[in-house]
Engineer: 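To start, I am sharing the structure in question, which I have written as structure tokens.
Not measured: the values here are computed from a predicted model.
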Amino acid sequence: MTRDHLLAGEFGAAARLSPKALRLYAEQGLLPPACIDPATGYRYYRPDQLPRARVIARLRRLGLPLARIAVLADMPPQDRALELRGWLHAQRALLDDRAAVVEAVQGSSADTGLADAVAVREVPAIKVLGRRHRIHSTALAGFTAAAERDARAHLRASGLAADGHRYVFFEDLITPDSDGYVEVALACTGSVEPVGDLHVRLIPAHTAVYLPVPAGYEDLPLILRVYDTVEAWTDARPGVVCTGHPYEVYPGTGTRFDVAYPVTAP
């Protein structure tokens, strides 16, 4: 074999890739050898494969999945740089969200005054038109806005009032790292038919423990303390048990929105 080819060990040393990494990238088709000696099984690489190998090594250090690295490695350098800047922006936003959760957990018991505003009310059965999807928290704002817009438009097209309260039900804990089901629904009266992924259902009558969300607590990280306060309030009262998904109702009781939990109460 001429010196226009390098043995796998030589190539890996030049690219700062371990033998294990080279084998993995070859198996995945990300960095296949230029040729394999049929007699010895030795793998050989061309020197002109080194720039790609070094790019792959650097991308791997970022923790990117191999499928994503394969796409980026094939891009022109300027396009790859643009994609990576976008990825970095998203990673910073994700880190900010995680930091907000940590801050809220650390300070969850600091706002004991919130508990004074927790109250109980009876909620009658409510017909709603809504949409339910599985999403991450990063998609929540866009999903909520689109679902509300489409539901109000359908109610108006059906000749009905479209100014009912908005409910956002959280069936799972959603974070930037884990998805879950969220339902956005509008209270309505009169006859309306489901359309597309908009459904019609009846929210059963229930007792709700709720907390009007104070100004400044509407977003992360402080909104988590609101949920913590309602949960702690119910946990501290014998016979009061959460029986359904927490939800937000807009507008709230003198505030932008309330956080509420269906409960059984003695």
Engineer: Measuring only between side-chain heavy atoms, which start at C-beta, is L59 closer than 4.5 Å to L62?
Structural biologist: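 SC-SC contact between L59 and L62 confirmed.
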Engineer: Between L155 and D163, is any pair of side-chain heavy atoms under 4.5 Å apart?
Structural biologist: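 Contact flag for L155/D163 side chains = no.
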Engineer: Do E248 and Y167 have side-chain atoms, one donor and one acceptor, less than 3.5 Å apart?
Structural biologist: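 Short answer, no.
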Engineer: Report yes if some heavy atom in the side chain of T229 is under 4.5 Å from a heavy atom in the side chain of V118; otherwise report no.
Structural biologist: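 Side-chain contact under 4.5 Å: yes.
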Engineer: What pair of heavy atoms forms the shortest contact from C242 to V263, and how long is it?
Structural biologist: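 Answer, listing the atom of C242 first, then V263: CA-CG1, 4.0 Å.
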Engineer: Taking side chain as C-beta onward, heavy atoms only, is I56 less than 4.5 Å from Y25?
Structural biologist: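 Answer yes - side chains close enough.
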Engineer: Ignoring hydrogens and geometry beyond distance, is a side-chain donor-acceptor pair present between R121 and T253 at under 3.5 Å?
Structural biologist: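 The answer is yes; a qualifying pair exists.
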Engineer: Could you state whether V184 and V195 fall into the same hydrophobic cluster, counting links through intermediate Ile, Leu, Val, Met, Phe, Trp or Tyr residues with side-chain heavy atoms under 4.5 angstrom apart?
Structural biologist: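 No; V195 is not reachable from V184 via cluster members.
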Engineer: Step through it carefully: locate the ring centre of Y45, locate the ring centre of H5, and say whether they are under 6.0 Å apart.
Structural biologist: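 Ring centres of H5 and Y45 not closer than 6.0 Å.
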Engineer: Quick one, V120 and T207 - any side-chain contact, counting heavy atoms below 4.5 Å?
Structural biologist: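 They are in contact (side-chain heavy atoms under 4.5 Å apart), so the answer is yes.
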Engineer: Whether the Y227 and R225 side chains hold a donor-acceptor pair (N or O, under 3.5 Å, no angle test) is what I'd like checked.
Structural biologist: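 Judged by distance alone, the side chains do not pair up.
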Engineer: State, with a plain yes or no, whether a side-chain heavy atom of I174 is found less than 4.5 Å away from one of D179.
Structural biologist: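 Not in contact.
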Engineer: Using atom types as modelled and distance alone, determine if a side-chain donor or acceptor of H154 lies under 3.5 Å from a backbone N or O of R152.
Structural biologist: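 Not confirmed, H154 side chain does not pair with R152 backbone.
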Engineer: Between V182 and L140, does a side chain to side chain contact (heavy atoms under 4.5 Å, CB included) hold up when you go through it step by step?
Structural biologist: CA-CA 8 Å; V182 176; L140 180 60; 4.1 Å; yes
Engineer: Should F170 and V209 be counted in the same cluster of Ile, Leu, Val, Met, Phe, Trp and Tyr side chains packed under 4.5 Å apart?
Structural biologist: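 Yes, F170 and V209 fall within the same hydrophobic cluster.
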Engineer: Taking D37 for the side chain and A39 for the main chain, is one N or O donor matched with an acceptor at less than 3.5 Å?
Structural biologist: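 Indeed, once roles are kept as given, a pair shorter than 3.5 Å links the two residues.
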Engineer: Just how far is it from atom CG of L31 to atom CG of L17, taken to the nearest 0.5 Å?
Structural biologist: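 Output value for this atom pair is 7.0 Å.
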Engineer: Provide the closest heavy-atom pair for L30 versus A70 in the form atom of the first, atom of the second, distance.
Structural biologist: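 Answer, listing the atom of L30 first, then A70: CD1-CA, 3.3 Å.
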Engineer: Looking at CD1 of I126 and CG of L186, how far apart are the two atoms once the value is rounded to the nearest 0.5 Å?
Structural biologist: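 Between I126 CD1 and L186 CG, I get 12.0 Å after rounding to 0.5 Å.
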Engineer: Keeping E10 on the side-chain end and A8 on the backbone end, is there a donor-acceptor pair under 3.5 Å?
Structural biologist: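 Not a single qualifying donor-acceptor pair exists.
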Engineer: Do R132 and Y181 meet the cation-pi criteria used here (NZ or CZ under 6.0 Å from the six-membered ring centre, within 45° of the axis)?
Structural biologist: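 Ring-cation test returns yes.
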Engineer: Under the criterion side-chain hydrogen bond (donor to acceptor under 3.5 Å, both in side chains), I'd like the reasoning laid out for H245 against D172: C-alpha separation, chi angles, the key distance, then a yes or no.
Structural biologist: CA-CA 8 Å; H245 304 303; D172 303 286; over 6 Å; no
Engineer: Decide side chain to side chain contact (heavy atoms under 4.5 Å, CB included) for Y250 and D258; before the verdict, give the C-alpha distance in whole Å, the side-chain angles of both, and the deciding distance to 0.1 Å.
Structural biologist: CA-CA 7 Å; Y250 298 74; D258 296 345; over 6 Å; no
Engineer: With the 4.5 Å side-chain cut-off for hydrophobic clustering, are V123 and V241 part of the same group?
Structural biologist: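 The answer is no; the residues belong to distinct hydrophobic clusters.
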Engineer: Between R60 (side chain) and L64 (backbone), is there a donor-acceptor pair under 3.5 Å?
Structural biologist: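 The answer is yes, because a donor-acceptor pair under 3.5 Å joins these two groups.
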Engineer: Using the side chain to side chain contact (heavy atoms under 4.5 Å, CB included) rule, take I223 and V259 through it: C-alpha gap first, then chi angles, then the decisive distance, then the call.
Structural biologist: CA-CA 9 Å; I223 185 59; V259 166; 4.2 Å; yes
Engineer: Working note: L6 + Y44, criterion side chain to side chain contact (heavy atoms under 4.5 Å, CB included); need CA distance, chi angles, decisive distance, verdict.
Structural biologist: CA-CA 5 Å; L6 301 173; Y44 291 88; over 6 Å; no
Engineer: Check whether R23 reaches the backbone of S18 with its side chain - one donor and one acceptor, N or O, closer than 3.5 Å.
Structural biologist: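 Pair absent, no side-chain N/O of R23 close to backbone of S18.
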Engineer: In terms of hydrophobic clustering (I, L, V, M, F, W, Y; side-chain heavy atoms under 4.5 Å; direct or indirect links), are L22 and L50 co-clustered?
Structural biologist: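 Same cluster.
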Engineer: For the residue pair Y210 and V249, establish whether any side-chain heavy-atom pair is separated by less than 4.5 Å.
Structural biologist: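 No, their side chains stay 4.5 Å or more apart.
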Engineer: State whether the number of non-hydrogen atoms from other residues, nucleotides or ligands found under 6.0 Å of Y42 atom OH is greater than 12.
Structural biologist: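 For Y42, atom OH is not crowded (no more than 12 foreign heavy atoms under 6.0 Å).
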Engineer: Taking the side chain from H206 and the backbone from P262, do they hold a donor-acceptor pair closer than 3.5 Å?
Structural biologist: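 No.
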Engineer: Going by an N to O cut-off under 4.0 Å, is there a salt bridge joining E83 and R68?
Structural biologist: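 Result for this pair is yes, salt bridge flagged.
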Engineer: Please find the pair of heavy atoms, one from A26 and one from P33, that lie closest to each other, and give the distance.
Structural biologist: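 Taking every non-hydrogen atom into account, CB-CD, 3.9 Å.
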Engineer: Flag yes if M75 and L88 sit in one hydrophobic cluster, no otherwise; membership is Ile, Leu, Val, Met, Phe, Trp, Tyr, and two members link when side-chain heavy atoms are under 4.5 Å apart.
Structural biologist: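 Yes, one cluster joins them.
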Engineer: Which value, rounded to the nearest 0.5 Å, describes the distance between R166 atom CZ and Y247 atom OH?
Structural biologist: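 One finds 14.5 Å between CZ of R166 and OH of Y247.
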Engineer: Taking C-beta and beyond as the side chain, do R131 and D150 meet within less than 4.5 Å on heavy atoms?
Structural biologist: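 Counting from C-beta outward, R131 and D150 do come under 4.5 Å.
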Engineer: For the pair R54 (side chain) and A14 (backbone), establish whether a donor and an acceptor sit closer than 3.5 Å, ignoring hydrogens and angles.
Structural biologist: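 Judged by distance alone, yes, a pair lies under 3.5 Å.
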Engineer: Kindly compute the distance separating CZ (R46) from CD (Q49), expressed to the nearest 0.5 Å.
Structural biologist: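 The CD atom of Q49 is 4.5 Å from CZ of R46, to the nearest 0.5 Å.
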Engineer: Which heavy-atom pair separates V200 from P194 by the least distance, and what is that distance?
Structural biologist: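 Looks like CG2-N, 4.0 Å.
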Engineer: Write down the atom of A15, the atom of A57, and the distance for their closest heavy-atom approach.
Structural biologist: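 What the structure gives for the nearest pair is O-CB, 4.2 Å.
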Engineer: Atom CG in L129, atom OG in S158: separation rounded to 0.5 Å?
Structural biologist: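 The OG atom of S158 is 8.0 Å from CG of L129, to the nearest 0.5 Å.
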Engineer: Tell me, with the steps shown, if E183 and H133 meet side-chain hydrogen bond (donor to acceptor under 3.5 Å, both in side chains).
Structural biologist: CA-CA 7 Å; E183 179 190 20; H133 276 187; over 6 Å; no
Engineer: Does the R80 side chain pair with the main chain of L72, one donor and one acceptor, at a distance under 3.5 Å?
Structural biologist: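 It does hold such a pair.
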Engineer: A quick test of your reading: do over 12 heavy atoms of other residues, nucleotides or ligands sit less than 6.0 Å from CZ of R201?
Structural biologist: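 Counting neighbours around CZ of R201, more than 12 heavy atoms of other residues, nucleotides or ligands fall under 6.0 Å, so yes.
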Engineer: Under 6.0 Å from the six-membered ring centre of W87 and within 45° of its axis: does the NZ or CZ of R85 meet both?
Structural biologist: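 No - R85 does not lie over the ring of W87 by the 6.0 Å and 45° rule.
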Engineer: Is the backbone of E231 close enough, under 3.5 Å, to the side chain of T234 for a donor and an acceptor to pair up by distance?
Structural biologist: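 Pair found, side chain donor or acceptor close to backbone of E231.
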Engineer: Any chance you could measure Y261, atom OH, to W233, atom CH2, to the nearest 0.5 Å?
Structural biologist: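 Atom-to-atom, Y261:OH and W233:CH2 are 13.5 Å apart.
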